Structure formats: structure tokens, C-alpha cells
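This report concerns only the one structure given below.
It should be emphasised that the depicted structure is a prediction, and the values quoted were computed from it without experimental measurement.
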2 protein chains.
Amino acid sequence: MSYPSLQEYIKKIVDFKPVELDIITRCFRERKVAKGEYILRRGQVCRFEGFVTQGCFRIFITDHKGTEKVLYFAGRQWWVMDIDSFANQIPSELDIQATEDSILLVISREHKERLYQEVPKVERLFRIMSQKAVVAWQRRLIQNHTMNAEERYSHFVTNYPEIAESLTNKLVASYLGITQEFVSVIRKRRSINKD
Amino acid sequence: MSYPSLQEYIKKIVDFKPVELDIITRCFRERKVAKGEYILRRGQVCRFEGFVTQGCFRIFITDHKGTEKVLYFAGRQWWVMDIDSFANQIPSELDIQATEDSILLVISREHKERLYQEVPKVERLFRIMSQKAVVAWQRRLIQNHTMNAEERYSHFVTNYPEIAESLTNKLVASYLGITQEFVSVIRKRRSINKD
DNA sequence: GTCATTATTTAAACTAGTTTAAGAATTTTG
DNA sequence: CAAAATTCTTAAACTAGTTTAAATAATGAC
């Protein structure tokens, strides 16, 4: 029960001793999540951070019209949580749902706090991880600001082919911030231009 | 030369001893930046992190059409850098320019690395700061996904009144992802509705 | 397996926001 | 303080993407 996938991921970021790696990964527990199941609902306080070892999750918000907007997908080796709710212990505005049968390694707030004290170098791990997250968000905003819908679609399917293929057009549309009908138009345009 | 504004900011996040606070702040140097001056140009590698004690900066990207898109404004007590370029030491796609006469406390990559070794608790400081940055980016994406242009405008001027007042409509437009002409339309609509 | 649900495509009418252009107001600079 | 440059406003024509609707295809549930 040492979660090799998580250990591999951590080792790439900070050079821990085997015993430290063991302490860290033992703070996580494995959770199987069926396709369609929710691991966070709007209004709840997010009490976990999750590392995806199998499958995929959608993190989305529902606007005042009732339309669901996907902020991001978390595939293998991604982290999934509402960091705003988790860090500030406030009710989440987000829902998080498995888009496939998935396996998640989860750590609770209490375990994480204890871990910071037992292995201070873990601060460095999460510092670097958070920085990577900032970079990812910054890139996403840049894409939204500098590409039109068709360019964003192309970018997504070429950069995340496995995730894109596992998703319905409706979910891809929701991530790109457009309608599923317009995704259909884009796909048609692309299939014509390929010839 | 102890930079009280920076010390106040840091103390709110992590409880350092006075001597540690001193070591930390001494790694920064003050830099005055005139309105209009650039502290980072597209193509350069970002070699600093800056803490704004006075004034304001715009962090923007130029799209393929030559239109400048503001990712965010950094006012007092904000951090300013291109974290993607700084962390990965790659050429930046961004420009950073002072929108007013400003004062910045800057730390170099080398000083920062040394600081992590001298005062390991600094990892915690930057871990928490990075998490706050992630929260800010997440909120910004949510706003872009769930609000129309007029709602985003209202949200910006009510949440950042001092920054909004110091900026031209053109810069506000660029931040909101709309044209300056449409900002004019929104402002007129709002002034009519007030009566 | 069949029925029901959900996803996809297509197309026409529509709208939020853009583009272009030109005059008025403000700011910057020498 | 006057000239030059930039910003702001207004409006008409335009367009990227939405909405509505209806038919078809695919998926899931019992």
C-alpha cells in the first residue's frame, strides 16, 4: 500500500528519503469513485485534496442560468479539490464529478497539517506544486484571452488527446466556454479542412 | 531599510521571529519605477519576484493581432512577476509595465534560493502565497465563465475601486477582455440606470 | 433486447460584443 | 500654455458565437 504512482510523482519534485516518502504516502487513503459520482457538492466545505491515479474528474461551477461551466478536468497525475474552499474552509461554489470510473488518493486537512509538522520538507513539495498550479491557471487564462473558439478546441484536443477522447462534446464545450452546437460546427469545419 | 510594508504582509501569513523577518527582507532591494517603464519585456527570462509597495503594474500579453490583453493588475501589496518564466527559466510571453510611478521590492532567483536554505520556514511562506495566487486565478476564471461584460465591469470597479480609478478605460477594457468602445457603452448604460 | 434518455448534428434566427470611423475631451510634452 | 498625442464617446455595420428547434445517433437501464 505505498501508492507507486503518487511516489513517482512526488520524487520528481522533491528528493525525499524512502522513509519520508513512506510517511507521506501513508497519509493518503485510496478511494474508488464510480463514473458520475460526486466527490464534492456545491455548498459543502472541501475537506480533502485528491491525487488522481485512474480516470478523470470534472470541476465545474453552475452559473445563474443553470449552465454548468467546467473550470478544468483532472486526469491521471492531477490534483483535484476546491482549493478556495479547502484553504479558507468556506462552502464551495463548485461541484466535482467523476467523468469515468476513477481511483483517487485523498488526504484530509488534518493529515496534511500533521504531515507539515512531521516532515517539514513537505512544505517545499506543496510550494512547488502550487507554483505549477499557478502556471497552469495563467496559461489557461492566456488561452482564453488570445484564442478564438476553434483555436481553443484545436489546442485542447492536441494537448490532451486522451482526456478529450474520453469526454463527450458537451463536456468539451463546457470547458472551452462555448455551446455544444458550436463544437459541432467546429468539428465539421475541421473535418472538411482535413481533406 | 527593513521594508515595513513587506514585513507586515509576511507576518500575517507566517509567524517569523524578528531576526528571521530581518534576514528575509534584507534579501530584497527597493526599485523605483516610473510610470510607463517596463520591468519585463516579452522574450526576456524573468529573473525576479517583485512586491509592490507603491503604485500599480499591468501584466499583459500581446496576441497575434497585436492586441494587448491584461492578465492582471498588481497594486499595493501584490506580487508581480511571470511565474512561468521565473520558475522554468524560459523566455516570457508577457510584458510588465508600471501604470503609475511605483515602488517595488525585488528579490532575485539566487537570493530566493539562498533564503530557502537559510530560513526553511520561508518554504511555508511561499507555499501559502502560491495557494492564495491559485485561489485568485481560479476566481478570475470563474468570473470570466459566469459573468457577461457588464457584470465583470461592475465587479471590477466595486472590488478594486482604487485600482479602477487609477486606470484608463482602455486598460480596464483590456483586463475585462472587451473593447474600450464597449466599456463606453457599459458606462453610459450604468449612468442612465443610476437615475 | 427494448425503451428511455442523452448526445450529436444541422440550420435559421438572433444577440453580445467587435470593427470602423470620426469628432470631442483629456492628458502629455516641449 | 500651446501643439501633439492619446483617450473617450457615439453610432452604424458587422461577426463570432448563442438560441431554439427538430431530426438522428448513441448510450444506458431495466
Expressed as a whole number of angstroms, how long is the span from B:K188:NZ to C:dA25:P? 14 Å
Distance-only donor-acceptor check, side chains A:S154 and A:R190, under 3.5 Å: yes
Spacing of CG belonging to A:L105 relative to OG belonging to A:S5, to within rounding of 0.5 Å: 6.5 Å
Is the closest side-chain donor-acceptor distance between A:R58 and A:Q97 under 3.5 Å? yes
Within residues 164-184 of chain B, the residues having a heavy atom closer than 4.0 Å to DNA chain D are B:T168, B:N169, B:K170, B:E181, B:S184
Would one find a side-chain N or O of B:R187 under 4.0 angstrom from OP1 or OP2 of D:dC8? no
Rounded to 10°, tell me the angle between the two end axes of the helix from C:dG1-D:dC30 to C:dG30-D:dC1, each built from five pairs. 70°
Separation of C:dG17 atom C1' from B:N144 atom CG, nearest Å, is 14 Å
Indicate whether any N or O donor in one side chain lies under 3.5 Å from an N or O acceptor in the other, for A:T146 and B:D63. no
Run through B:E118, B:K112, B:R114, B:E113 and flag the one making a side-chain hydrogen bond (donor to acceptor under 3.5 Å, both in side chains) with B:Y116. B:K112
Out of B:L115, B:V14, B:I10, which one pairs with B:V122 under the side-chain contact (heavy atoms from CB on, under 4.5 Å) rule? B:L115
Centroid separation under 6.0 Å, is that true for the rings of B:Y175 and B:Y72? no
Can you measure A:R189 atom CZ to C:dT8 atom P for me and round it to whole angstrom units? 18 Å
In whole Å, what is the span from the CZ atom of A:R190 to the C1' atom of C:dT8? 17 Å
Can you tell me which residue pairs pass the ring pair (Phe, Tyr, Trp, His ring centres under 6.0 Å) test with a partner in residues 80-103 of chain B, sequence neighbours excluded? none
Residue list, salt bridge (charged side-chain N to carboxylate O under 4.0 Å, His left out) with B:R127, at least two apart or on another chain: A:E123
Expressed in angstrom and rounded to an integer, what is the separation of B:E100 atom CD from C:dT28 atom C1'? 16 Å
Gap between atoms CD1 and C1', on A:I186 and D:dG17 respectively (whole Å): 9 Å
Please report the distance, rounded to the nearest Å, between OH in B:Y153 and C1' in C:dG17. 16 Å
Per atom distances to the B:K65 side chain, the nearest of D:dT19, C:dA11, C:dT19 is C:dT19
Centroid-centroid under 6.0 Å between A:F51 and A:W78 rings: no
Mind checking salt bridge (charged side-chain N to carboxylate O under 4.0 Å, His left out) for B:E8 and listing every partner two or more places apart, or none if nothing turns up? B:K11
Give the B/S/- string for nucleotides 23-30 of chain D, one per nucleotide from 5' to 3', where a protein heavy atom under 4.0 Å of the base yields B, of only the sugar-phosphate yields S, and otherwise -. -----S--
